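Read the numbers this way: they start at 1 and go in the same order the structure lists the ligands and their atoms. Each residue takes its place number in the sequence, starting with 1. This is a predicted model, so every value here is computed, not measured.
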Amino acid sequence: MFIIFVGPPGAGKGTQSRRLIQYLGIPHLSTGEMLRDEMGNDTPLGHTAATYIQLGRLVPDKLIVDIVSKRLDEPAFRRGCLFDGFPRTLEQARALDEELFRHGASVTLAIELRADDVEVTRRMIERAKIEKRTDDTSETVQHRMAVFHSQTSPILEYYAKKNLLEVIDAMGTPDEVFERIQACLERRRNAVAG
Ligand code: AMP
């Protein structure tokens, strides 16, 4: 089962991902976390990524697709995973389809966490205080929001056309949002079961 979480920064992808991987028993693949690990380990890839991340820009597709593709070659990820923060462009969505096809698999479902920009910005400023992320300054937050609307939101249509998109209202407490996700998965499961 390969599930994708899509949503603007601050919509709760990280929080909901941690719950969903436990619930479904599949591994987590967060490109943001992978890049932060590279930065923390001072690798050349980390240095390159930092120049984009600190400006709130997307890291180039090729670099992201390469790290995801390596991860998908690991046995732990063969049977499925939850993608958090990937794909973020149409190019990445297409590359993911190819990559999964190579493994005899395909995307099971894309879950859009839909939240309004004002609420999402408020959440990110809170998170900046707690996590001290260098990319959560108010300028980069605004830029990341704009990047989401211009570069990432086209993938919603891409998955909708394939009938793989479910929209979840991400406003509410983490428990409320998770209940909606569970209900949606159950609906899908029942639909498949016939
Ligand atoms: P995240 O933790 O998912 O919010 O990602 C933090 C930052 O890492 C983003 O603002 C981007 O600069 C970069 N990043 C993470 N995932 C991707 C991706 N799939 N494509 C391009 N850049 C990414």
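- Between Gln182 and Leu20, the closest side-chain pair of non-hydrogen atoms is not below 4.5 Å.
- Short contacts between ligand 1 and Gln92, defined as distances under 4.0 Å to a heavy atom of the residue, involve ligand atoms 18 (C), 19 (N), 20 (N), 21 (C).
- In terms of polar-atom proximity, Thr31 is counted as a contact of ligand 1, with an N or O under 3.5 Å from an N or O of the ligand.
- For the pair Met171 and Arg180, the tightest heavy-atom approach, listed with the atom from each and the gap, is O-NH1, 2.8 Å.
- The residue among Arg88, Arg144, Lys13 with a heavy atom at the shortest distance from atom 1 (P) of ligand 1 is Arg88.
- Near Arg36, with a cut-off below 4.0 Å to any heavy atom, the atoms of ligand 1 are 2 (O), 6 (C).
- A donor-acceptor contact closer than 3.5 angstrom is absent between the side chains of Thr89 and Gln151.
- Counting the atoms of ligand 1 from 1 in the order shown, those under 4.0 Å from a heavy atom of Arg57 are 11 (C), 12 (O).
- Shown in contact with Leu35 at under 4.0 Å from a heavy atom are these atoms of ligand 1, numbered in order with element: 8 (O), 13 (C), 14 (N), 15 (C).
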Could you walk me through whether Lys70 and Asp66 pass the salt bridge (Lys or Arg N to Asp or Glu O under 4.0 Å) check? CA-CA 6 Å; Lys70 274 199 201 108; Asp66 281 354; over 6 Å; no
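- Side-chain contact between Leu109 and Glu166: present, with at least one pair of heavy atoms (C-beta onward) separated by less than 4.5 Å.
- Residue pairs meeting the salt bridge (Lys or Arg N to Asp or Glu O under 4.0 Å) criterion with at least one partner in residues 92-104, sequence neighbours excluded, are Asp73-Arg102, Asp97-Lys162, Glu99-Arg102.
- Against a heavy-atom cut-off of under 4.0 Å, Gly85 is close to the following atoms of ligand 1: 16 (N), 17 (C), 18 (C), 19 (N).
- Ranked by closest heavy atom to atom 22 (N) of ligand 1, the top entry among Val59, Asp84, Leu55, Ile53 is Val59.
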